[in-house]
2 protein chains.
Amino acid sequence: MQKYYQKIKNSSLFYGITDSELDRMLECFSATIKKYEEGDLIIRQGDIVTKIFLILEGEVNIEKDTYWGRRMIIQKLHANNNIGLSLVASKNVESNINAICTTDTLVLILNYEKCTRMCQNACSHHGALIDNLFKIISKENIELIEKIENISQKTIRDKLLTYLSNESIKNKSNTFEINFNRQELADYLNIDRSAMSFELSKLKQEGFIDFNKNKFKLKVEI
Amino acid sequence: MQKYYQKIKNSSLFYGITDSELDRMLECFSATIKKYEEGDLIIRQGDIVTKIFLILEGEVNIEKDTYWGRRMIIQKLHANNNIGLSLVASKNVESNINAICTTDTLVLILNYEKCTRMCQNACSHHGALIDNLFKIISKENIELIEKIENISQKTIRDKLLTYLSNESIKNKSNTFEINFNRQELADYLNIDRSAMSFELSKLKQEGFIDFNKNKFKLKVEI
DNA sequence: ACATTTCTGTTGTAATTACAACAAAAGGAA
DNA sequence: TTCCTTTTGTTGTAATTACAACAGAAATGT
């Protein structure tokens, strides 16, 4: 645990918490660290989730398999994103998603009730923690809406331009690197990979974008 | 305010709160009531939202206009849903959506900080309120994922069957009424209305579903 | 370096969809 | 009722997409 202190301390969940309180809180929250390997499932469809997971390191895809067996990537999560919070807070809800590690991943596991309820110890900054928790779940919410915007476009071209434009805004630059490989991006945008590749090439040829591997440049204002 | 007490008391935000505490809390949260008429915008794209809105009565669509001018319905909200929580909690984020009333609507407006931070008055059930707030935002989260599932299907037929199946599950019955009219449903599923009507007719003819106006019956297991 | 596997791009074709234009039905107002 | 408006259903056509099959490039392991 000790060796992860710095990471935990710098996580957005514990932003604004002093060192001594962090100690007390981690104990109070029955915090544990868990390492997952690439390909491991942190949560699977149907699970009743009882703990919340804060990603300290690594990448996790939130996925779902369609009735027809196609993979659907809902989100790609990183350090400081949480997994399971909305499931635990909803109480006794079966998970509707898989959380699968796409890299080796380090996770902080916490007790939800202890996080949301003020404890006897009355850590004085517990309020800040609750606030951080709201911030984290809200950010997730806003990203889901952004994803809906991306995939709600009618054509492959419009989906790509909307997605790239949103990435550009998030990176505050017209050049940026994306975390998806082509198949993942297709599964995220719910389009055929080959048709997507074709459209990317066309957009490049027409001078709207440029790209090399996962580095993209947006040459137009959307 | 007095005349809305019963509604407020029965809202999921104040579930588990005693009457006397409700009084104190409403004062503490600077709670106000506002009536909107059909067509009114509660939040518009670009707004910096500073209050949270709890729907007591009515229906509100969360919408977004695409760059190309098409309407996108993200969610339809009802009594006990909140509007703006994820925007306020994210702090100084411009709204990426419009919240538009599709009926006359009654809303309870609250101060976010007062809700999430324990107050001096230390209302003893403030913890329950925070818990309720997490439950509300989590439910929204899960519904967004459900919507993503609906619109991530490849064909109009699959989108319809997935949507109807999810509605059926939510209603715990294979017969149910939907809140969307045909154009709204098409805007929610991001498909062409006429093509959707055609597919609905085909599904009915083939015996998979039955419907009359907005009453649907699902005759197959998805 | 080499072999092998994975990832990305390209092309043709069949299937699906959007769109427009119109018909039919339902709902509202005078 | 009748007229008018809104909503829903139907059809044909052009545009878009999925899918399969394959080629080339890049990454990986030995």
Side-chain angles (χ1 to χ4, degrees), chain A residues 37-39 59 61 66-73 76 102-104 150-164 177-206 208-216, chain B residues 38-39 59 61 66-73 76 102-103 150-164 177-206 208-216:
Chain A
E37 289 181 7
E38 181 179 340
E59 261 185 11
N61 275 359
T66 71
Y67 179 72
W68 293 268
R70 199 166 41 81
R71 174 179 73 162
M72 202 168 95
I73 297 180
K76 184 180 274 294
T102 57
T103 65
D104 290 354
N150 291 334
I151 64 175
S152 292
Q153 307 303 323
K154 281 256 189 278
T155 64
I156 290 179
R157 165 172 292 227
D158 293 348
K159 287 183 188 186
L160 284 169
L161 287 175
T162 304
Y163 167 75
L164 292 172
E177 190 161 358
I178 67 173
N179 298 298
F180 290 125
N181 65 28
R182 296 293 188 274
Q183 184 61 63
E184 284 181 317
L185 181 56
D187 289 344
Y188 173 84
L189 294 175
N190 303 302
I191 52 184
D192 180 68
R193 183 198 56 77
S194 63
M196 183 188 79
S197 264
F198 181 68
E199 195 65 42
L200 279 173
S201 301
K202 217 161 66 174
L203 283 167
K204 185 196 259 186
Q205 203 185 329
E206 293 172 17
F208 292 115
I209 65 172
D210 203 2
F211 63 90
N212 192 278
K213 294 188 193 166
N214 290 354
K215 287 200 192 352
F216 282 78
Chain B
E38 182 179 339
E59 260 184 14
N61 276 358
T66 70
Y67 178 74
W68 293 266
R70 198 166 43 81
R71 173 178 73 162
M72 201 168 94
I73 298 180
K76 185 180 275 294
T102 56
T103 65
N150 290 335
I151 65 177
S152 292
Q153 306 305 321
K154 282 255 188 278
T155 64
I156 291 180
R157 164 171 291 226
D158 292 347
K159 287 183 188 187
L160 284 169
L161 287 175
T162 304
Y163 167 74
L164 292 172
E177 191 159 359
I178 68 173
N179 298 299
F180 291 125
N181 66 26
R182 296 292 188 274
Q183 184 62 62
E184 284 181 318
L185 182 56
D187 288 344
Y188 172 84
L189 294 175
N190 301 303
I191 51 183
D192 180 68
R193 182 197 57 75
S194 62
M196 184 187 77
S197 265
F198 181 69
E199 195 65 42
L200 279 172
S201 302
K202 218 161 66 172
L203 283 167
K204 184 197 258 185
Q205 204 186 326
E206 293 173 17
F208 293 114
I209 65 172
D210 203 3
F211 63 88
N212 193 280
K213 295 188 191 165
N214 291 353
K215 286 199 190 0
F216 282 79

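Note that this is a predicted model, so its numbers are computed, not measured. By convention in this document, chain letters (A, B, ...) are assigned in the order of the sequence lines, proteins followed by strands, and residues within each chain are numbered from 1.
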If the cut-off is 4.0 Å, is R182(A) near the phosphate of dG9(C), judged by side-chain N/O to OP1 or OP2? yes

Taking the basic N atoms (NZ, or NE/NH1/NH2) and the acidic carboxylate oxygens, is any pair closer than 4.0 Å for K159(B) and E199(B)? no

From CZ of R193(A) across to P of dG9(C) the rounded distance in Å is 8 Å

Per nearest nucleotide of DNA chain D, the residue lying toward the 5' end, K202(B) or K154(B), is K202(B)

*asked:* Tell me whether the rings of F180(B) and Y188(B) are parallel (<30°), tilted (30 to 60°) or perpendicular (>60°).
replied: tilted

Practice problem: Return yes if some donor-acceptor pair links the side-chain N/O of Q153(B) with the main-chain N/O of N150(B) below 3.5 Å, else return no. | Solution: no

Margin query: Closer than 3.5 angstrom, by distance alone: can the side chain of R182(A) be matched with the main-chain N or O of K213(A) as a donor-acceptor pair?
Written below: yes

- Query: Touch check for L200(A), heavy atoms < 4.0 angstrom, all strands: base, sugar-phosphate only, or nothing?
  - Reply: nothing

When rounded to whole Å, the CE to P distance for the pair M196(A) and dA20(D) reads 17 Å

Discussion item. Between D104(A) (side chain only) and E38(A) (backbone N and O only), is there a donor and an acceptor less than 3.5 Å apart?
Written reply: yes

Rounded to whole Å, CD1 of I191(B) lies from P of dT16(D) at a distance of 19 Å

Regarding the side chain of D192(A), the nearest nucleotide among dC19(D), dA18(C), dG9(C) is dC19(D)

In whole angstroms, the gap separating C1' of dG27(C) from CG of N181(B) amounts to 13 Å

Any donor-acceptor pair under 3.5 Å from T102(B) side chain to N61(B) backbone = no

N/O (side chain, S201(B)) to phosphate O (OP1/OP2, dT10(D)) under 4.0 Å: yes

Review point. Has the side chain of T155(A) got a donor or acceptor atom sitting under 3.5 Å from an opposite partner on the base of dA15(D)?
Key: no

Between CD of E199(A) and P of dT11(C) the distance, given in whole Å, is 14 Å

Between S152(B) and T66(A), is there a side-chain heavy-atom distance shorter than 4.5 Å?
no

Taken to the nearest whole Å, CG/D158(A) to C1'/dA18(C) is 13 Å

So, with a heavy-atom separation below 4.0 Å from DNA chain C, the residues of residues 209-216 of chain B are K213(B)

Whole-Å distance, R70(B) CZ to dA20(C) P, equals 13 Å

From CG of L160(B) across to C1' of dT16(C) the rounded distance in Å is 14 Å

